[in-house]
Amino acid sequence: MKTNLHCFFVATFILFTFSANANRHKNSNHSSILPIPQNVDLPDLSYEFNNGPSSNETFNLDDGFLLTRPYTVTAPIGFEVYAGGSPGFADQIVISAALISMGTVPVYVRLKSGLAIGDYNGSIHITAPSVTELSILYPDVNYTISVTGEVNRKETTWNSGTWSNGTPEIETIAILNDDYTTATNGNINAYSLEVTTGKTATVSNDTYIKIIQDTNISGTLEVASSGSFVQVSDSGSFTVNPGGTSRVNKLTTSLNHWYDYTYWSSPVSNTTVNSAFASSNPNMRYWYNAANFLDVLAEDGNSGNYTSGHDDIDDDGNDWTLLNGNTILQPGVGYAATHAGSGFTSGTKYPYHFIGTFNTGTITTPILYNGPNGDLDWNFIGNPYPSAINVDSFFAANTSVVGGAIYLWSHATPPSQGTSGNEVFNFNTNDYAIMNGAGEIAGGSGVIPNRNIPSGQGFFVQGIANGNATFTNAMRAAENDSNAQFFKTSNVTETNKIWLDLSSTNGVFNQALIAYIDDATSADDGSFYDALRNMSGECASVIYTTIANENNKKYAIQAKNSEALNSNETIPLGFYTSDMMASQFTIAIGKKQGEFFNNNPIYLKDNYLNMLHDLSVSSYTFTASTGTFSDRFEITFTDQTLSVTANDLQKQLSIIELNNAEILFKTNQENAISTIDVYNIRGQLVHHVDTNKATSVKINSSAIAAGTYIAKIQLDNNISLTKKLVKQL
C-alpha cells in the first residue's frame, strides 16, 4: 500500500532573549530571533520500485536577521536534499552565509532513486554555528525535522490481453484479471500473484510462473505436466479462496501394459488417493513401508530358495503396503500405482490430476534406517512441489540421512516369472535410472535423465540414519525445461565423462558411466560418487565397472580422480547376462564429454578374444553364454596391447590346415601350448582343446564348418595369442 510521507518540525534547542527564556513561536511577550523552517508538511514523498527518485517537496529556511553564517542540512538514510547554490541533490549540503543572509532559502527533499522496497524514516538535521560576537543572543542552531517515506511495489494487472503497468518483474505484484496462458503470453516472474474470480491461469508445458512470496487464487490455476510453478520464499503463502481451484495435471510415460507402475508424489496437500489416482487400479496402489524392509537373505532367481546374503528385496514381502482410497497423500512421500485395466490402450500417456493447495516452503519426510546389517535400507520418497527440484541441491541438504544416489523408475521391461521378488511376476530392477554426484545413467528407456527431479515424481534413496529428508523452495527450478520429460539429455560440462551402452537383439538396454572428478579417488568413495548396480531381480543383461578389492561389487556409476585419466589408463568393464535365448550383444559409446574423451581414441579390449576395437569409430558386437564376466572387457586408450614378447611369439605361431581334416598349431621349442579355443566371428566358442603343453598340436576340424575363425592359444608362460584361422575344407 502506498503511504504518504509526512514531515514535521521538532524544536530541540533553547532560545534566549535579553531577559528570559522564550519559545520558538512569536507571541505577545517575545520576538523570535532564530529561523523557523516554513512549509514543513511534505506529503507523498514515495515512489514505485525502480521508478525513483520521488517528487521534490520544499521547506523554507530564513535566518531572519541578515546574519552571515552558513547552514548545514543533512538528510537521513534514503533521502537527499538540495538548495540553491549547491551542485545538486546530496546526502548533505551547505548553504553559504552569503545566500542565507539574502533572505528565505527554499530547501528541497526527496527519496533517493534505486532504493529497495520498504519504509524509510529518519531526521533531517539543520545546523548553524553561533554568532561569535553575540553568542549569547544568537547561539548555534540545531533543528530536527522527522521524515518518513515508502518505496512501493509496482503493481500491474492483466486485462484484455495486456498489462496495465508493463510486464511484471520479480518485485512486481501481478494480478490476472483475465485468462492467461504462458505458452501464448509468456512466463511470469513476479513478487506475488493474484488470480481473480472466474479467471484461469494456465502454466503450459516447458514454461513457468515464478513467484517470490504469496499466491492468492480466487479463480483457477492449472499447471501442465511439464510446466513449473515456483515459489521462492519459504515464508510465502499459497491461498485458495472459496470458489477457487489449483490443479497440477500430470501425464504418465507411454504405458505398454496396464500393469506398468508409475512412481508418484503429490505436489498438492489434502488430496486423497481416490481423487489423485482416480484412473488407477484400486487394487494396485501402494505406499512403501521402509520400517518393514529387511534384506539379509538372497533368493535364487524366483525359486523360493534362499541363502544368506542381499538381493535388495524385502525378505518377507511386507514392505509394499496397499493404499486405502480415503488416505490423504502426504507431501514428500512416494507412491506407486498402475493404470486401470478397463479400456487400456498400449502406448498411451494417461492424465492424472492433483487438485488442492500447492505445496510450498520447507517439507520433511521420514527416513528410516534399520541398522548395520548390510542391506541398503531403501526409502521411497518424492518431489513435493508443482515444479522440478535440483538433485544437487537435494543431496547437499540431506547428506546426513540419505545415501548419495537416487533411483528413478523408467519402466521398460515386462515383468517375468524368472525375476526375483515377492510376486509370481516381478519387474526388472535394471530399468532404474540412477543419479549421483558423479553423473547420471539411463534406465531401460535408454534416455539419460537431467539433474532435475520432475514434479509429482517418486524415487528411491538409501537411508543411512534415522531422521528426515528435507525439501525447501531453494531446491525448486523454474527454467523452461526444468520440469520437462522425465528423461532428457544433461547439460555438457568440461568434466571428462563417458557413458557406455549395452544392447542386444533381444531388446536389452543397459548403461554405465565413468566420470573423472577432482574430489573422487580410484577406490570406493561411497554412493555419491560410486553407485552400485542393483543386481536383484535377475537382470537380463548388464554392463558395469569394478573396483579392486571391493568383493566383486558391480558399479553402475564410478567416479575416479581426474588426474588418473591419461593414455595409460585402463577401466575394467564387466558383463553379466542371464539371457538363455541366442542373442547378439553390442557395446557402444552412448555419450562422451570432456577434452580427453573427445580428442583420444577409445578402445574396447575383449580379453577373451584378445581383440582390440576402437569404439570411437564403431560399436562392438559379440555373443556370450549366460554368466558373469567381470574380466572380459576393459577400456584402454592405446592400441599397443601386446608386449614385445607377445609380438615375437605371435610371429612364431603357425596355424596350418592339413588335408586330413586336421589343423596344426605350432610354436617355437621354448613355449608350449596349454589350451586352444576356436571362436566363430560372432564370438561363439566352437572348439576347445586342453593340451599336454606341447609345442605342436593337431586338432580334428571335421566338425568345424568352412569359414573364418579366431583362434586363441594360451601358452605355458600365461601369454595369450590370437590369430585368424581360415578353414577352407
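Below, all heavy atoms of this structure are taken into account, side chains as well, without hydrogens, waters or symmetry copies. Numbers here simply count residues along the sequence, with the first being 1.
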Any pair counted as salt bridge (Lys or Arg N to Asp or Glu O under 4.0 Å), so long as it reaches residues 390-407, sequence neighbours left out: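 Sorted result for residues 390-407: D392-R451.
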
Listed once per pair and sorted, the salt bridge (Lys or Arg N to Asp or Glu O under 4.0 Å) pairs that draw on residues 214-230, sequence neighbours left out: E222-R247

Determine whether a donor-acceptor pair (N or O, by modelled atom type, separation under 3.5 Å) exists between the side chain of [X] and the backbone of [Y].
X	Y	value
D375	V296	no
N383	Q457	no
Y385	G361	yes
N359	P384	yes
T327	N324	yes
D206	S204	no
D260	L255	no
N436	S527	yes
N468	T470	no
N510	I543	yes

Aromatic plane relationship, F358 with F238 - under 30° parallel, 30 to 60° tilted, over 60° perpendicular: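 Ring orientation, 0 to 90° scale: parallel.
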
Mutual orientation of the aromatic rings belonging to W264 and Y352 [parallel < 30°, tilted 30-60°, perpendicular > 60°]: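 The rings of W264 and Y352 sit tilted, inter-plane angle from 30° to 60°.
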
Polar side chain donor-acceptor pair, S541 to T577, under 3.5 angstrom: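 Per modelled atom types, S541 and T577 side chains form a pair under 3.5 Å.
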
No-hydrogen, no-angle side-chain donor-acceptor test under 3.5 Å, N241 and N216: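 The answer is yes; a qualifying pair exists.
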
Less than 4.5 Å apart, any side-chain heavy atom of [X] and any of [Y]?
X	Y	result
S504	F585	yes
N281	Y259	no
D319	I313	no
I514	L500	yes
D314	D316	yes
S387	V230	yes
K554	T628	yes
T272	N326	no

Steps toward side chain to side chain contact (heavy atoms under 4.5 Å, CB included) verdict (I557, D530): CA-CA 5 Å; I557 301 176; D530 302 309; over 6 Å; no

Measure the [atom1]-[atom2] distance between [X] and [Y] for me, rounded to the nearest 0.5 Å.
X	Y	atom1	atom2	result
I175	N159	CD1	CG	10.5 Å
Y180	N185	OH	CG	5.0 Å
F354	L329	CZ	CG	7.0 Å
T307	L297	OG1	CG	7.5 Å
S266	K250	OG	NZ	11.5 Å
N450	I453	CG	CD1	10.0 Å

Testing the basics here: between [X] and [Y], what is the closest heavy-atom pair and its distance to 0.1 Å?
X	Y	value
I217	T245	CG2-O, 3.7 Å
V268	V248	CG1-CG2, 4.3 Å
P168	A190	CB-CB, 4.4 Å
W158	D179	NE1-O, 3.0 Å
M435	F395	O-CZ, 3.7 Å
A556	I434	CB-CD1, 3.7 Å

Among W320, Y407, Y335, ring pair (Phe, Tyr, Trp, His ring centres under 6.0 Å) partner for F380: W320

[X]: which residues meet the side chain to side chain donor-acceptor pair (under 3.5 Å) condition with it, sequence neighbours left out?
X	value
N270	none
Q231	none
Y350	none
R285	N274, S280

Intermediate values then yes/no, side chain to side chain donor-acceptor pair (under 3.5 Å), D501 and Q511: CA-CA 5 Å; D501 292 350; Q511 189 174 72; 2.8 Å; yes

T360/N473 under side chain to side chain donor-acceptor pair (under 3.5 Å): CA gap, chis, key distance, verdict: CA-CA 7 Å; T360 190; N473 283 349; 3.1 Å; yes

From CA spacing to verdict: side chain to side chain contact (heavy atoms under 4.5 Å, CB included), L176, L193: CA-CA 8 Å; L176 301 181; L193 176 71; 3.9 Å; yes

K210 NZ: over 12 foreign heavy atoms closer than 6.0 Å: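 Atom NZ in K210 is not crowded, with 12 or fewer foreign heavy atoms closer than 6.0 Å.
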
With Q213, the side-chain hydrogen bond (donor to acceptor under 3.5 Å, both in side chains) member among S235, S192, S237: S235

Criterion side chain to side chain contact (heavy atoms under 4.5 Å, CB included) on D295 and D315, from CA distance to verdict: CA-CA 5 Å; D295 173 30; D315 291 338; 3.7 Å; yes

Ring centres under 6.0 angstrom apart (F459, F394): yes

Candidate pair T321 and Y286, rule side chain to side chain contact (heavy atoms under 4.5 Å, CB included), full reasoning: CA-CA 5 Å; T321 304; Y286 296 93; 5.7 Å; no

